[in-house]
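Just so it is clear, the model here is predicted, and its values are computed rather than measured. As the structure lists them, so they are numbered: ligands from 1, and atoms in each ligand from 1.
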Amino acid sequence: MPHIVVNQNKPRVVVIGAGIGGLTAAALLAHRGYSVLVFDQAIVPGGCASTFKRQGFTFDVGATQVAGLEPGGIHQRIFAELEIDLPEATLCDPACAVYLPGETTPINVWRDPEKWREERQRQFPGSEPFWQLMATLFAASWEFQGRDPVLPPRNLWDLWQLIRAVRLSTFITAPFTFFTVGDALRLCGVGHDQRLRTFLDMQLKLYSQVNAEETALLYAATALSVSQLPQGLYHLQGSMQVLSDRLVTALERDGGRLLMRHTVEYIKVENGQATAVVIRNQKTGEVWTEPADHVVANVTAQNLVQLLGDKVPSGYKQRVEKLPPPSGAFVVYLGVDVSAIPVDCPPHLQFLYDANGPIGENNSLFVSVSHPGDGRAPEGKATIIASSFVDYQQWWQTPDYQALKQKYTADAIARLNKYFYLKPETIIYQEAATPRTFAHYTGRDRGIVGGIGQRIPTFGPFGFANRTPINSLWLVGDSTHPGEGTAGVSYSALTVIRQIEAQA
Ligand SMILES: Cc1cc2nc3c(=O)[nH]c(=O)nc-3n(C[C@H](O)[C@H](O)[C@H](O)COP(=O)(O)OP(=O)(O)OC[C@H]3O[C@@H](n4cnc5c(N)ncnc54)[C@H](O)[C@@H]3O)c2cc1C
């Protein structure tokens, strides 16, 4: 089949994957004058931030809350450049209500910094030096990130972007580069505070994949602070799908094209340069080669290695293979009668789920609840989505997949039932997703989610670069800095398009 003819005078970019990272890169490149073609293997765009509909309910597949919508936030900046409206959204306040084991009153992570200070002082007496340290590091890191550094740098241009983002205030973070949250807790004299540690383990795992002892301090300072003013976490009106839909609108308005149900099977490399991708149309079975001046891969680092086949540089492959085991996710989607939901239920809650589980201590159920009029459920009904991290391997090795899925579903509902009223008469619809489901719908290798983890050897300056060792091949998404989340992958997209432009 002849390749799809796009504007011959503009540099041609092929984007593999229409997740938020790929779509953001694609829309920005199209807006800046590139000829952009996006292929996605799924039926709908959005990847882990897409949705599906069942019996009148709309369920967010993975991501349920969004950072970066405030003025100057990354989504706001990108939507402003694309000249499209930001999705309508409500603030999550508290951002999360965290229930520690055996406790019936939650720790409320309030948006108002003063209210949050009072809450944490009451909950964790003596911990203020730790929180002050986090606030200081966050202020410096946030300013630094706002100047768009390239991390980790891989050539002189990248290094220059990094250097010009540094100010005197940035140096305050330097001595803490090799600190974990556990180190900071000990430094501040609260290393022994088990309640605080459990709270931090639960919250940090959502963002960094690892507990307080392992999470890089500089990463944690940001992850734990973005829920407070002037930043905040938001719940999108309608569904998460609106984020990708708007990016697709901008992409197509600016002449770019998105082809769903097209799987990229292979990236062609000649003389150390990515030159084309091999695509299979899932409907027709047709296979063809699409030439490109740049290839932007919105996939996991593990998927990238597979797409390169024998062209992957051996050092890169080894690095990916040596990464600590990634996580999978198990998610329960419930369509319920509103009588299942307690009055004044916050939009997001977290319960300890598996204190000594297979993927480490203090694994939690993270729960997102729709509210009346937010477009996710018919009147008098609501959605409850509960996710937890799981060891992905057992889902591929189990001799009885359905039995394992049923057991996980029953366990999750039993845990939720301590807070919600979930009975056969209040549960209208239920479905679950496992690593196998994520592998199928998002194409992610073995259904792994959440990026490469924010440990010291894999965060920021030590993580995977957007610039790959192969010329004109770029990696975008949650395997790269600054990590998982729709806001994080949007930063990585912005970095990639700046790098591509700088090369022109
Ligand atoms: C359960 C769960 C809850 C989460 N909660 C939140 C949250 O509340 N807030 C938040 O901000 N983040 C959350 N996240 C994280 C967030 O969803 C992801 O980090 C982010 O959406 C990843 O975006 P991405 O663009 O990197 O990749 P993806 O979303 O994985 O998109 C990649 C796309 O590439 C396509 N693709 C892959 N391989 C190929 C191929 N070979 N050919 C063609 N197409 C291909 C896929 O179909 C997919 O559409 C959550 C994640 C999960 C799993």
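Scanning the protein heavy atoms around atom 22 (C) of ligand 1, the nearest turns out to be D478 OD2, 3.4 Å. Among protein heavy atoms, the minimum distance from atom 42 (N) of ligand 1 is reached at V264 N, 2.9 Å. The nearest protein atom to atom 32 (C) of ligand 1, hydrogens excluded, is given as N298 O, 3.4 Å; this is a heavy-atom distance. Shortest contact from atom 45 (C) of ligand 1 to any protein heavy atom: Q41 CG, 3.5 Å. Ranking the protein heavy atoms by distance from atom 30 (O) of ligand 1 puts R444 NH1, 2.6 Å first. For atom 10 (C) of ligand 1, the closest non-hydrogen atom of the protein is Q65 O, 3.4 Å.
Residue contact check: H262 has heavy atoms under 4.0 Å from atoms 43 (C) of ligand 1.
Among Y392, F389, Y408, the one residue that satisfies the ring pair (Phe, Tyr, Trp, His ring centres under 6.0 Å) test with F330 is Y408.
Only side-chain heavy atoms of V449 come within less than 4.0 Å of ligand 1; its backbone N, CA, C and O stay farther off. The parts of T486 lying near ligand 1 are both backbone and side chain, judged by heavy-atom distances below 4.0 Å.
For ligand 1, one of its N or O atoms has an N or O atom of C48 under 3.5 Å away. For ligand 1, the polar-atom distance check finds an N/O of T64 within less than 3.5 Å of one of the ligand's N/O atoms. Distances between N or O atoms of S387 and those of ligand 1 include no value under 3.5 Å.
The cationic atom of R319 (NZ for Lys, CZ for Arg) lies less than 6.0 Å from the six-membered ring centre of F464 and within 45° of the ring axis.
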